[in-house]
Amino acid sequence: MDTNIKVFPRFQPFKVIIYIVCIFLAALSLFPFIIMIVNSTRSTPEIQGTAVSLIPSSYLARNYTILTSKDIFDPIRGFVNSIIISTGATLCSVYFSTLTAYAIVVYEWKARRGFFTFIMAIMMIPGVVVSIGFYKMVYAVGLANNFLPLIIPGIAAPAMVFFMRQYMIPALPLEIIQSARIDGAGEFYTFNKIALPIMKPAIATQGIMAFVGNWNNLFMPLILLTQKKMYTMPIMVSLLKGDIYKVEYGSVYLGLTLTVLPLFVVYFLLSKYIIAGIAVGSVKG
Amino acid sequence: MKRKRVSYAKYGYLFSLPFVVTFLVCTLYPIVYTGIIGFTNLKGSTMAFTDAKFLPSLGQGLWDNFVDTLKAPTFHTALLNTVKMWIINFIPQITLALILAAWFTNNQKKIKAQGFFKVVFYLPNIITAATIGILFANLFAYPKGPINDILLQLGFIDNPYDFSRSATASQLNVSFMQFWTWYGNTMIVLIAGILGINPEMYEAAEIDGANGNQQFFYITIPNLKTMLLYTLVTSLIGGMQMFDIPRVFQNGLPQNATLTATLYIYTQAFSGTYQYNKAAAASLVVFVIISIFSALLFVVLKDKDEAKLHKIIKQQEREYRKKVKLAKQQLLKEGR
């Protein structure tokens with residue numbers, strides 16, 4: 001046997017191309033955010049001098065003062081409002097979607113099959129067609145400028161019910177429920193104490209996605225919330241383009257950064273679950 | 001020993017009740033309401049629904065709002081823009097996502113740092129669309145802005161270019177933002193799809209001497225058909241509702257170049273003249289268009305095996321009932 005031949009890893013030019021493309025795309029993903037963050041520390045004259053810079057300046061505090069002095073952009077208020085709406089809607093969505101999926105998976109009832117077909121059929125109802133009627137209804141019952149109309153609809157999230165059902169069928173053996181019944185547990189108690197903990201992984205991924213979706217929502221809050229103190233983060237962001245901030249580039253970048261930072265933190269902490277969630281959600285179980 | 005059987009069926013109804021009630025109040029009722037508004041003269045910020053009248057009682061045609069909407073050149077422009085910007089975003093998006101998915105799942109190439117790339121490519125998707133719209137408006141600012149700066153320094157242009165005044169540039173920009181925020185998502189979906197393909201197929205192909213390209217075109221693509229169709233339809237449904245980015249980026253400008261269908265509806269209903277009736281009619285038109293696409297998705301998503309199984313069970317039930325009926329008749333005859 002010839003032992004002198006060393007095995008070198010074969011040089012693959014194609015692989016180099018792949019890495020170049022991937023690095024280029026990664027830069028494309030990050031570049032706008034890097035500019036945004038750096039520019040949020042720079043003054044308007046600096047930005048007008050050279051718009052692209054990777055060196056932070058010292059105008060962060062000043063930009064913040066300008067940003068909040070206009071009585072429109074209040075990051076703390078926006079943050080709190082967005083948190084209330086997103087948390088409320090997400091809790092409603094995950095709890096009741098799991099409950100609805102439980103009803104479909106665990107119980108034998110006449111309308112079960114029809115109900116599941118119905119859920120799949122309503123999954124793609126566009127928000128636009130609901131919006132005008134919903135707006136008029138909310139105003140008629142005096143719930144405009146209230147967070148409830150943005151939270152309660154979360155209870156009926158057909159896509160999440162669909163996902164929860166797909167996850168529940170293999171994950172929740174009916175024998176466990178049978179034995180709980182023999183032990184004398186009530187049905188609602190069994191759901192809360194046995195089914196919910198088993199569904200935790202699915203609840204986590206769906207919860208994150210729902211939270212981010214609610215956090216980023218602009219259309220409905222824009223229609224239903226007209227008082228400044230009720231504004232969510234996306235509404236405040238959408239106001240950054242008005243005439244008031246026309247020449248305050250640094251402040252606008254800072255405003256954008258403030259809305260992105262919480263998402264960055266959530267994303268980099270939970271990206272593993274988020275990406276797994278998209279992958280699982282797309283494959284029918 | 002005979003055990004008393006407890007029926008738990010009522011819990012099925014009970015536990016799905018919150019969903020059904022919420023759906024009826026927050027989705028179905030508003031849709032019907034929207035539909036009714038579409039046939040009335042409801043407009044203006046102060047007019048109550050109870051004061052609105054159906055068009056025929058005012059001597060107008062019942063479908064006048066719909067006819068007006070379908071005839072309105074602005075609505076045509078909005079629909080056309082929506083489709084146009086969606087296509088310009090979707091073709092490169094699905095192509096790139098497919099290529100990346102094929103690279104990342106290739107066992108021979110073993111691309112390193114995949115986790116990092118996936119996380120970074122997906123990143124824009126998680127960021128508020130409104131933020132991205134404003135961010136890009138600032139990046140493309142005129143006369144001083146990061147993109148203009150870079151293009152000037154690289155020598156591509158001699159004078160700063162005002163992107164916001166060009167219809168084509170604005171549309172391309174919106175399409176790019178859509179592409180940029182969604183290709184990572186599509187890639188991850190497709191990777192999941194490719195990993196779901198039976199690996200034995202690839203092994204067999206390798207033994208038969210098929211190269212990477214052949215494997216991609218003869219195994220990956222055919223097996224990914226359903227997934228690609230799913231991506232296409234969901235993207236189309238989402239694309240038809242494009243709102244946040246065009247709204248904050250240029251709000252339909254210049255010359256309605258970035259006006260989308262949803263933005264048109266929003267503008268009709270919630271600004272200026274508050275034409276709720278026209279907006280309602282327009283949203284129903286969009287609803288019909290989206291429903292057609294959804295129906296397509298529904299057919300694709302429907303579990304074929306489950307449907308088959310259901311059919312078999314139904315048939316067996318029918319046969320069983322027939323037998324029982326026959327047996328009964330037999331008994332009756334004998335009794336006679």
Side-chain angles (χ1 to χ4, degrees), chain A residues 15 18 22 25-26 29-30 32 35-36 48 50-52 96 99-100 102-103 107-109 112 115 120-121 124-130 132-134 136-137 140 152-153 155-156 161 187 212 216 218-219 223 233-234 237-238 240-241 249 252-253 256 259-260 263 267 271 275 278-279 282-283, chain B residues 8-9 11-13 15-16 18-19 22-23 26-27 30-31 33-34 37 49 103 109 111 117-124 126-131 134-135 137-139 144-146 149-150 185 188-189 192 196 237 241 243-244 248 262 265 269-270 276 279-280 283-284 286-287 290 294 298:
Chain A
K15 228 173 144 175
I18 293 178
C22 286
L25 289 171
S29 280
L30 295 174
I35 294 206
M36 173 186 81
Q48 281 184 323
T50 45
V52 187
F96 286 102
L99 187 66
T100 312
Y102 190 78
Y107 301 108
E108 288 277 356
W109 40 299
R112 168 160 94 156
F115 182 58
M120 284 187 34
M124 290 297 172
I125 289 181
V128 194
V129 76
V130 184
I132 292 166
F134 191 65
K136 278 279 161 197
M137 180 180 93
I152 300 298
I155 293 172
V161 175
E187 293 301 306
V212 171
N216 289 340
L218 173 69
F219 191 73
I223 293 172
M233 273 305 214
V237 164
S238 73
L240 285 175
K241 216 189 163 225
Y249 296 122
V252 172
Y253 281 116
L256 295 171
T259 63
V260 169
L263 289 166
Y267 184 59
S271 60
I275 284 172
I278 314 157
S282 62
V283 183
Chain B
Y8 291 102
Y11 290 103
Y13 292 98
F15 286 178
S16 46
F19 180 96
T22 313
F23 172 77
C26 297
T27 308
I31 292 176
Y33 202 173
T34 310
I37 291 172
F49 179 67
W103 285 348
K109 297 213 171 63
I111 304 300
F117 286 131
K118 280 184 201 165
V119 168
V120 175
F121 295 170
Y122 183 73
L123 171 70
I126 213 115
I127 306 299
T128 319
T131 303
I134 305 265
L135 177 58
N138 276 289
L139 294 180
K144 288 299 288 180
D149 253 29
I150 292 170
N185 184 81
I188 289 164
V189 168
I237 293 168
Q241 300 182 66
F243 173 78
D244 296 17
V248 301
T262 308
I265 293 163
F270 304 109
Y276 297 115
S283 66
L284 284 170
V286 173
F287 183 41
I290 291 177
S294 303
F298 187 59

Interface residue of largest heavy-atom contact number with chain A, from [options], under 4.5 Å:
| options | result |
| --- | --- |
| C26(B), A129(B), G12(B) | G12(B) |
| N185(B), D149(B), V286(B) | D149(B) |
| W103(B), F243(B), F23(B) | W103(B) |
| I127(B), I150(B), I237(B) | I127(B) |

Legend entry - When L25(A), V212(A), T259(A), V237(A) are compared by non-hydrogen pairs under 4.5 Å with chain B, the top option: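 Going by pairs under 4.5 Å, I would pick L25(A).
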Legend entry - Top of I18(A), T100(A), I155(A), I125(A) for chain B proximity - count of heavy-atom pairs under 4.5 angstrom: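 Looking at each option in turn, the highest pair count goes to I18(A).
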Can you tell which part of [X] gets under 4.5 Å to a heavy atom of chain B, answering side chain, backbone, both or neither?
| X | answer |
| --- | --- |
| F96(A) | side chain |
| Y102(A) | side chain |
| E108(A) | backbone |
| I35(A) | side chain |

Is [X] in contact with chain A via its backbone, its side chain, both, or neither, using a 4.5 Å heavy-atom distance?
| X | answer |
| --- | --- |
| A279(B) | both |
| L139(B) | both |
| F117(B) | side chain |
| F19(B) | both |
| Y11(B) | both |
| V119(B) | both |
| I265(B) | side chain |
| I290(B) | side chain |

Inset, instruction - With sequence neighbours left out, write down each residue that passes side chain to side chain contact (heavy atoms under 4.5 Å, CB included) with N138(B), or none if nothing qualifies. - result: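 Checked N138(B) against side chain to side chain contact (heavy atoms under 4.5 Å, CB included); matches are Y249(A), V252(A), Y253(A), L256(A), I134(B).
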Legend entry - Minimal non-hydrogen separation, Q241(B) against T262(B), with atom names: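 Heavy atoms of Q241(B) and T262(B) come nearest at CA-OG1, 3.3 Å.
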Legend entry - Taking every non-hydrogen atom, the tightest pair across A103(A) and F15(B):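 Scanning both residues, the minimum pair turns out to be CB-CB, 3.7 Å.
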Between atom [atom1] of [X] and atom [atom2] of [Y], what is the distance when rounded to the nearest 0.5 Å?
| X | Y | atom1 | atom2 | answer |
| --- | --- | --- | --- | --- |
| L240(A) | L135(B) | CG | CG | 11.0 Å |
| T131(B) | L263(A) | OG1 | CG | 7.5 Å |
| W109(A) | F115(A) | CH2 | CZ | 5.0 Å |
| S29(A) | Y122(B) | OG | OH | 12.0 Å |
| Y107(A) | E187(A) | OH | CD | 3.5 Å |
| M233(A) | L218(A) | CE | CG | 13.5 Å |

Inset, instruction - Using the test ring pair (Phe, Tyr, Trp, His ring centres under 6.0 Å), find all partners of F287(B) that sit at least two apart in sequence or belong to another chain. - result: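 Scan of F287(B) (ring pair (Phe, Tyr, Trp, His ring centres under 6.0 Å), adjacent residues dropped) gives none.
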Inset, instruction - Please determine if K136(A) forms a cation-pi arrangement with Y276(B), meaning its NZ or CZ atom is less than 6.0 Å from the six-membered ring centre and no more than 45° off the ring axis. - result: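 Checked: cation-pi criterion met.
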